[in-house]
Amino acid sequence: MSYTVAQLLTQDISFQPIEIKGWVRTFRANRFIALNDGSTIYNIQCVVDFENTDDSVLKRITTGAAVHIKGELVESQGKGQKVEIQVTSIDILGDSDPEDYPIQPKKHTFEFLRENAHLRTRTNTFSAVMRLRSSLSFAIHKYFNEHGFYYMHTPIITGSDAEGAGEMFRVSALDAKNPPLTDDGEVNYKEDFFGKETNLTVSGQLEAETYAMSLGKVYTFGPTFRAENSNTSRHLAEFWMIEPEVAFMDLAGNMDLAEDFMKSVLGYVLEHNREDLEFLEKRLLDEEKTKPQAERSDMSLIEKIKFVVDNNFKRVSYTEAIDILKNSKPNKKKKFNYIIEEWGADLQSEHERFLVEKHFKCPVILFDYPANIKAFYMRLNEDGKTVRAMDILFPGIGEMVGGSQREERLDVLREKMKQLDIDEEELWWYLDLRKYGTAVHSGFGLGFERLVMFATGMSNIRDVIPYPRTPQNAEF
Ligand code: 4AD
Ligand code: MG
């Protein structure tokens, strides 16, 4: 019978005949194959009877080769594993040239592995990261399913750019070299595929709101695109976002939901991805050893995740946060690049990280931001100057979640759109929600890759998505 490595490593030893297929990680002493098939971080040791195996076959057992092994599962003679396979026959399914196979059994830099992203999941680190990514996705769907949410697919091509969440990528079928022009010499998008200008979506929120106002509780989980030229370790041009949207829920309910949700999905991987987490925890420890003492974390990866799962997030208003920042050491000593002088300042990531990493030392939910630094759709507070916005900030990551209670009052929303010069005609359907059965509702967006970064301890967002899209880079 055919098994996976994960299955065999947890089998009772019964000397039964087994079959297995996988890739050779290492082959040493002409005898011991470390075999991996992606089912677990661990390899299974396969012991080749080299005296009865052709030299020509032995030569082809090289790192990276795909093999089909038949044998018996037996108690291991060696240290470090409970069981091993006594090979009775080995079939080389695909050779691998040992000279130029990029993934040699040694330490590679992440830069090198990014250039070989098609092969990097053959390393322990990237296979662990991608299994965790898969597991987190499942946990997210599971959470919403168990809490009465419907999964909604919002469009990827959008005709509205009113959200204002970021620069957009144009979608066009026009001939770029020779586009049709209007009388004023502008590109005539009326002749384009959709008869109007279209872009890749920056968020599914506005469409999700329409469904929340009929199905009650919905969420999206899909790709979103932003054409900002931000070449940082936390920005992608294509990333996945989870956006729940709930009718009759206010900002306090939104915070409760976000916190419960994040604790639940992180708790899921603590329970189900233990081996991968333990491996990544060791990797992170090794990486931290290379850093100066002051930059090292005093918690291990698993401790950090547990801490989030077991402790309440700190809820702090923007106004309180500004007071803390104004009186902080780095502000007074002018260590911040942007000095906080007065209420109304937009927070930069250096400020967010000060709050979570130095001041509160736990995830922080900042709420009630000044209206003029947030999006048009956020619910205006009674003070007339703040909106019911919330951002969730995480240690080591910064902003993980952005959300708000939505403005449900037609007149207030219209006024705001007028101020910001947002075309009512373009968002007629969004305004309709405020005309027909309007109600309090709220939601948020969680950047999936930032969650994966937190759960894996990886420090560059390019290393938690299979094929990262960043400025000047769309290989694979
Ligand atoms: O704060 P943002 O821009 O919020 C929205 O798009 C709202 N429409 C969400 C909502 O209320 N439904 O983005 C949400 C989250 C951020 O907090 C961040 O985690 C992530 O998306 N994010 C990015 N992740 C990777 N690369 C980028 N360029 C990102 N931009 C935002
Ligand atoms: Mg945001």
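Every value quoted in this text rests on a predicted model; they were computed, and no experiment measured them. Start at 1 with the first residue, then count along the sequence. For ligands, and for the atoms within them, numbers begin at 1 and follow the listed sequence.
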Under 4.0 Å to a heavy atom of Ile461 - the qualifying atoms of ligand 1, by number: 25 (C)
message: Tell me the protein heavy atom at minimum distance from atom 18 (C) of ligand 1, and give that distance in Å.
response: Arg450 NH1, 3.5 Å
query: ligand 1 versus Phe444, non-hydrogen atoms closer than 4.0 Å: side chain, backbone, both, neither?
result: backbone
- prompt: Which of the numbered atoms in ligand 1 are below 4.0 angstrom from a heavy atom of Tyr377?
  reply: 7 (C), 8 (N)
- prompt: Is Glu287 salt-bridged to Arg296, cutoff N-O under 4.0 Å?
  reply: no
Residues Glu408, Arg379: salt bridge by 4.0 Å N-O rule: yes
- request: Please determine if Glu197 and Arg170 form a salt bridge, counting it only when a charged side-chain N lies under 4.0 Å from a carboxylate O.
  value: yes
task: Report yes if some N/O of Met400 lies less than 3.5 Å from some N/O of ligand 1; otherwise report no.
output: yes
- request: In plain terms, say whether Lys291 and Glu288 are close enough for a salt bridge, that is, a side-chain N and a carboxylate O under 4.0 Å apart.
  value: yes
query: Would you call Arg406 and Glu245 a salt bridge, taking side-chain N to carboxylate O under 4.0 Å as the test?
result: yes
message: Donor-acceptor pair, distance only, cut-off 3.5 Å: does the side chain of Arg133 make one with the backbone of Val464?
response: yes
- prompt: Does the distance from a Lys or Arg side-chain N to an Asp or Glu carboxylate O, for Glu407 and Arg414, drop under 4.0 Å?
  reply: no
task: Could you tell me whether Arg315 and Asp256 have a side-chain N and a carboxylate O separated by less than 4.0 Å?
output: yes
task: Name the closest protein heavy atom to atom 11 (O) of ligand 1, giving the residue it belongs to and the distance to 0.1 Å.
output: Arg406 NH2, 2.9 Å
- prompt: Does any N or O in the side chain of Ser135 come within less than 3.5 Å of the main-chain N or O of Leu132, such that one atom is a donor and the other an acceptor?
  reply: no
query: Nearest to atom 15 (C) of ligand 1, what protein heavy atom do you find, and at what distance?
result: Gly445 O, 3.6 Å
query: Looking only at N/O atoms, are Glu399 and ligand 1 under 3.5 Å apart anywhere?
result: yes
query: So is Glu228 polar-close to ligand 1, meaning N/O to N/O under 3.5 Å?
result: no
- request: Using side chain to side chain donor-acceptor pair (under 3.5 Å) as the criterion, list what pairs up with Thr121, not counting sequence neighbours.
  value: none
query: Is any protein N, O or S atom closer than 2.8 Å to the Mg ion (ligand 2), and if so, which?
result: Glu399 OE2
- request: Before signing off on this row, confirm whether His235 and ligand 1 have an N or O atom pair separated by under 3.5 Å.
  value: no
- request: State the atoms of ligand 1, each with its element, that fall below the 4.0 Å cut-off from a heavy-atom position in Val401.
  value: 17 (O)
field: Heteroatom distance test (Gln205, ligand 1): nitrogen or oxygen, under 3.5 angstrom
entry: yes
Where ligand 1 meets Gly402 - atom numbers and elements under 4.0 angstrom, heavy-atom basis: 1 (O), 9 (C), 10 (C), 11 (O), 17 (O)
- request: State the atoms of ligand 1, each with its element, that fall below the 4.0 Å cut-off from a heavy-atom position in Arg234.
  value: 25 (C), 26 (N)
query: Cation over ring, Lys314 on Phe360, under 6.0 Å and within 45°?
result: no
query: At a 4.0 Å cut-off, with the gap strictly under it, does some heavy atom of Arg226 reach an atom of ligand 1?
result: yes
message: Any nitrogen or oxygen of Leu236 lying under 3.5 Å from a nitrogen or oxygen in ligand 1? Just yes or no.
response: yes
- prompt: So which of Tyr151, Tyr219, Tyr150, Phe138 actually passes ring-ring contact (aromatic ring centres under 6.0 Å, His included) with Phe144?
  reply: Tyr219
statement: Nearest non-hydrogen protein atom to atom 12 (N) of ligand 1, with distance, is Glu243 OE2, 2.7 Å
- request: Run the numbers for me: atoms of ligand 1, each under 4.0 Å from some heavy atom of Gly447, listed by number.
  value: 15 (C), 19 (O), 20 (C), 21 (O)
field: Six-ring centre of Trp343, Lys385 cation under 6.0 angstrom, axis tolerance 45°
entry: yes
- prompt: In terms of the angle between their ring planes, are Phe336 and His351 parallel, tilted or perpendicular, with boundaries placed at 30° and 60°?
  reply: perpendicular
field: Side chain, backbone, both or neither: Glu238 near ligand 1, heavy atoms under 4.0 Å
entry: neither
field: Spacing of Glu399 atom CD and Ser349 atom OG [to the nearest 0.5 Å]
entry: 10.0 Å
Any Arg469 heavy atom less than 4.0 Å from ligand 1: no
- prompt: Can you tell me how far CE of Met390 sits from CZ of Phe367, rounded to the nearest 0.5 angstrom?
  reply: 11.5 Å
field: Axial cation check for Phe454 ring with Arg450, 6.0 Å and 45° limits
entry: no
- prompt: Which ligand 1 atoms does Gly403 reach within 4.0 Å, using its non-hydrogen atoms?
  reply: 11 (O)
task: Please could you name the atoms of ligand 1 that Met241 approaches to less than 4.0 Å, counting only its heavy atoms?
output: 6 (O), 13 (O), 14 (C), 15 (C), 21 (O)
